[in-house]
Amino acid sequence: MSTRQHAAAAAFLLVVLFIASTATAGGGREGKHGQTSGVYMVMVKPPAQGVDCDAYHLHILAAVLGSEERAKKAMVYSYTTVVSGFAAKLTPAQLAALQSEFPFL
């Protein structure tokens with residue numbers, strides 16, 4: 001994805017709609033520095049027609065986590081039919097990085 005497309009993805013990141021902490025359910029895992037991870041649902045504007053939604057969502061997550069491999073491990077689900085977004089296991093620090101990299105509107 002080009003820098004321009006990356007910037008467009010950042011501009012269209014809308015809101016974290018739903019926070020379901022796996023720690024609350026008793027299944028949280030500690031990440032780096034002892035932070036407990038949770039599952040966050042991130043909604044984004046759909047990509048341009050013809051662009052693979054799963055790859056688009058993975059690219060956004062990989063930009064924050066540092067690699068596609070880490071993004072694949074963190075990705076829980078990619079929403080592509082009714083809404084565009086994804087659910088991912090993130091620590092509070094990773095969520096803050098996502099918010100910083102892709103400011104919410």
Side-chain angles (χ1 to χ4, degrees):
M1 192 177 266
S2 73
T3 303
R4 185 175 178 187
Q5 289 171 319
H6 182 75
F12 293 127
L13 191 61
L14 298 176
V15 69
V16 173
L17 288 178
F18 181 74
I19 301 172
S21 174
T22 56
T24 304
R29 286 197 230 163
E30 286 192 10
K32 279 188 174 180
H33 311 292
Q35 294 182 329
T36 303
S37 64
V39 176
Y40 298 87
M41 186 173 165
V42 179
M43 305 308 299
V44 297
K45 186 171 181 178
Q49 189 171 3
V51 174
D52 179 23
C53 285
D54 294 331
Y56 174 74
H57 298 154
L58 195 62
H59 175 77
I60 293 169
L61 192 54
V64 173
L65 300 183
S67 75
E68 190 173 314
E69 181 180 333
R70 288 181 187 154
K72 285 180 180 179
K73 287 181 182 178
M75 184 79 68
V76 174
Y77 192 79
S78 183
Y79 300 93
T80 60
T81 305
V82 176
V83 297
S84 178
F86 57 89
K89 295 177 191 173
L90 302 168
T91 65
Q94 291 168 330
L95 179 61
L98 180 66
Q99 291 171 323
S100 175
E101 180 77 19
F102 300 97
F104 298 107
L105 301 176

Task: Glu68 CD to Met75 CE distance, which is reported to the nearest 0.5 Å - done: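 Atom-to-atom, Glu68:CD and Met75:CE are 9.5 Å apart.
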
- [ ] Hey, could you give me the CG/NZ distance between Leu61 and Lys89, rounded to the nearest 0.5 Å?
- [x]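 Rounded to the nearest 0.5 Å, the CG-NZ separation comes to 12.5 Å.
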
How about [X] and [Y]: do any of their side-chain heavy atoms sit closer than 4.5 Å?
{"X": "Thr80", "Y": "His57", "result": "yes"}
{"X": "Leu58", "Y": "Asp52", "result": "no"}
{"X": "Tyr56", "Y": "Val44", "result": "yes"}
{"X": "Leu98", "Y": "Ile60", "result": "yes"}
{"X": "Met41", "Y": "Tyr79", "result": "yes"}

Task: Steps toward side-chain contact (heavy atoms from CB on, under 4.5 Å) verdict (Leu65, Leu90) - done: CA-CA 9 Å; Leu65 300 183; Leu90 302 168; 4.1 Å; yes

